[in-house]
Amino acid sequence: METNQNIRYAIEGSIRFLESTPDLAMDRCEDSRRKWDGTWWHMAALYEMGEVKQIPESAIARAKYLLKAQTWPTFIISADDHPISETDRMKMDCCHCELAVYYMILMAYGCDLDKELPWIREWFLKHQLPDGGLNCDPEAYTHSNKSSIVSTLPPLEAILWYTNRAFTAQEAVFLDQGARYLIEHRLVCSKQNGHIIDMEWLKPCFPRFFEYDILRGMSFLVEWSRRRNKPLPADLLNEGIQRLNSYIEAAGLRIGRQVFDPQGPWGGPTFALLEAVSEIGDVSPYLTRQLAGIIGQLEHASNE
């Protein structure tokens, strides 16, 4: 009960912060993404908690303006992609996962970004690599052609969860190839040798922002299977649950790591809401719901 009250107070603190943040002038747009307490982080935490409607409308309007007027709408891969005019050079450049989280926040709030900013959805679809994923490192598009699981998930989620109509042929291929990429990597493994790429991915984390853990990949595959009417990769999902077993208890799924490190290379102050919902060892109601949804789908599939 006390924890719930602490979270409520922390939500109120984030709301006050978002209400008080001034208009994002072009020379200050970097403040929105400042780790770990910029406006982007507050909004993303509320979104992941299912509290996106609590974000003040003024903050949503500012975020939309930032994307509309102060963001360079091209992923910079080659010299030709750089802005030329002095005004454009002042604009914020984005990566796939940051842009996808922005997109999901605003779409979940009720904005129609596909009408207002159609370049964002096009951005995701055009940057899928032959292996089925994406990569926020521009060199992947000129040299390795290898994707990053971390960079891949947010764009996949953006298309999967925020398409309220039949998928276009291009979107269907995007999602199916993304699912293939995750399945071929067994959610966390190298295709070359089968070894786990990053042991940290086996530790459930919340909020994730654009970080990856195995539960995030599993959740995508379950929803992809449902929305695309594809076979559920049950063996892989059961393997994932086994990998999470040490964090599962009767009360739910415990948090295994935090994505932020104030003392790390991207150090900086955190905020009350982030700390209130991310304590390592706490049972997370948000992660528990995700896990329950996966288990429910597996049970449903086994009964058919």
Side-chain angles (χ1 to χ4, degrees), residues 14 17-48 52 55-109 111-127 134-141 148 150-155 157-159 162 207-211 259-260 265-271 274:
S14 283
F17 172 83
L18 291 169
E19 285 174 337
S20 65
T21 303
D23 287 339
L24 294 165
M26 191 173 289
D27 60 354
R28 295 190 58 220
C29 65
E30 288 295 327
D31 288 353
S32 73
R33 66 217 302 207
R34 182 184 60 243
K35 289 187 175 181
W36 297 96
D37 67 340
T39 55
W40 186 92
W41 305 91
H42 286 262
M43 293 170 67
L46 288 166
Y47 162 72
E48 288 191 56
V52 71
I55 297 174
E57 190 175 350
S58 58
I60 293 291
R62 286 194 298 271
K64 194 158 59 171
Y65 177 76
L66 179 67
L67 291 173
K68 186 176 293 186
Q70 300 182 355
T71 300
W72 182 240
T74 302
F75 182 54
I76 297 174
I77 297 173
S78 68
D80 294 339
D81 297 325
H82 285 276
I84 297 173
S85 73
E86 185 176 347
T87 300
D88 285 342
R89 283 200 299 269
M90 292 177 67
K91 291 182 176 179
M92 180 176 76
D93 64 310
C94 276
C95 65
H96 310 321
C97 48
E98 178 187 23
L99 186 61
V101 173
Y102 253 134
Y103 177 91
M104 289 190 283
I105 293 167
L106 295 173
M107 290 291 278
Y109 189 84
C111 303
D112 186 356
L113 292 193
D114 294 336
K115 181 179 179 182
E116 298 180 67
L117 298 167
W119 62 268
I120 298 179
R121 179 172 285 249
E122 292 165 9
W123 172 307
F124 304 143
L125 297 174
K126 75 184 286 189
H127 289 108
L134 297 88
N135 200 320
C136 291
D137 181 355
E139 288 195 1
Y141 294 87
S148 153
V150 174
S151 303
T152 296
L153 257 291
E157 292 168 344
I159 299 297
Y162 296 99
R208 298 186 186 101
F209 304 112
F210 42 61
E211 255 295 354
V259 300
F260 60 93
W266 291 306
T270 58
F271 56 98
L274 177 55

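Count residues from 1 along the sequence. Just so you know, these numbers come straight off a predicted model, no measurement behind them.
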Side chains of [X] and [Y] in contact at under 4.5 Å (non-hydrogen atoms):
X	Y	value
Ile76	Pro83	yes
Tyr109	Leu106	no
Met43	Ile60	yes
Cys136	Cys97	yes
Pro138	Phe75	yes
Leu274	Pro207	yes

Polar contact flag, side-chain donor to acceptor under 3.5 angstrom, Arg121-Tyr103 = yes
Answer yes if the side chains of Ser151 and His96 hold a donor-acceptor pair under 3.5 Å, and no otherwise.
->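 Side chains of Ser151 and His96: no pair found under 3.5 Å.
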Looking at [X] and [Y], what are the two nearest heavy atoms and their distance?
X	Y	result
Gly268	Trp36	O-CD1, 3.8 Å
Cys94	Met92	SG-CE, 3.7 Å
Ala108	Tyr47	CB-CE1, 3.6 Å
Phe260	Thr270	CD1-CG2, 3.6 Å
Phe17	Gly38	CE2-C, 4.2 Å
Lys91	Ala69	CE-O, 3.3 Å

Evaluate the side-chain contact (heavy atoms from CB on, under 4.5 Å) criterion for residues Arg89 and Glu86: first the C-alpha distance (whole Å), next the side-chain angles of each, then the deciding distance (0.1 Å), finally the verdict.
-> CA-CA 5 Å; Arg89 283 200 299 269; Glu86 185 176 347; 3.9 Å; yes
Rounded to the nearest 0.5 Å, what separation is found between the [atom1] atom of [X] and the [atom2] atom of [Y]?
X	Y	atom1	atom2	result
Thr71	Asp93	OG1	CG	9.0 Å
Tyr102	Lys64	OH	NZ	13.5 Å
Thr39	Leu18	OG1	CG	7.0 Å
Leu99	Ile120	CG	CD1	5.0 Å
Glu157	Phe124	CD	CZ	10.5 Å
Met90	Asp88	CE	CG	10.5 Å

Between the main-chain N or O of [Y] and the side-chain N or O of [X], is there a donor-acceptor pair closer than 3.5 Å?
X	Y	value
Trp72	Asp81	yes
Tyr141	Asn135	yes
Glu48	Arg208	yes

List the steps, then state whether side-chain contact (heavy atoms from CB on, under 4.5 Å) holds for Leu46 with Val52.
-> CA-CA 5 Å; Leu46 288 166; Val52 71; 5.9 Å; no
Does atom CD of Glu116 have more than 12 heavy-atom neighbours, drawn from other residues, nucleotides or ligands, at distances under 6.0 Å?
->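 Counting neighbours around CD of Glu116, more than 12 heavy atoms of other residues, nucleotides or ligands fall under 6.0 Å, so yes.
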Hey, would you say the Phe209 and Trp41 ring centroids sit under 6.0 Å apart?
-> yes
Walk me through it: do Val101 and Trp40 pass the test side-chain contact (heavy atoms from CB on, under 4.5 Å)?
-> CA-CA 9 Å; Val101 173; Trp40 186 92; 3.4 Å; yes
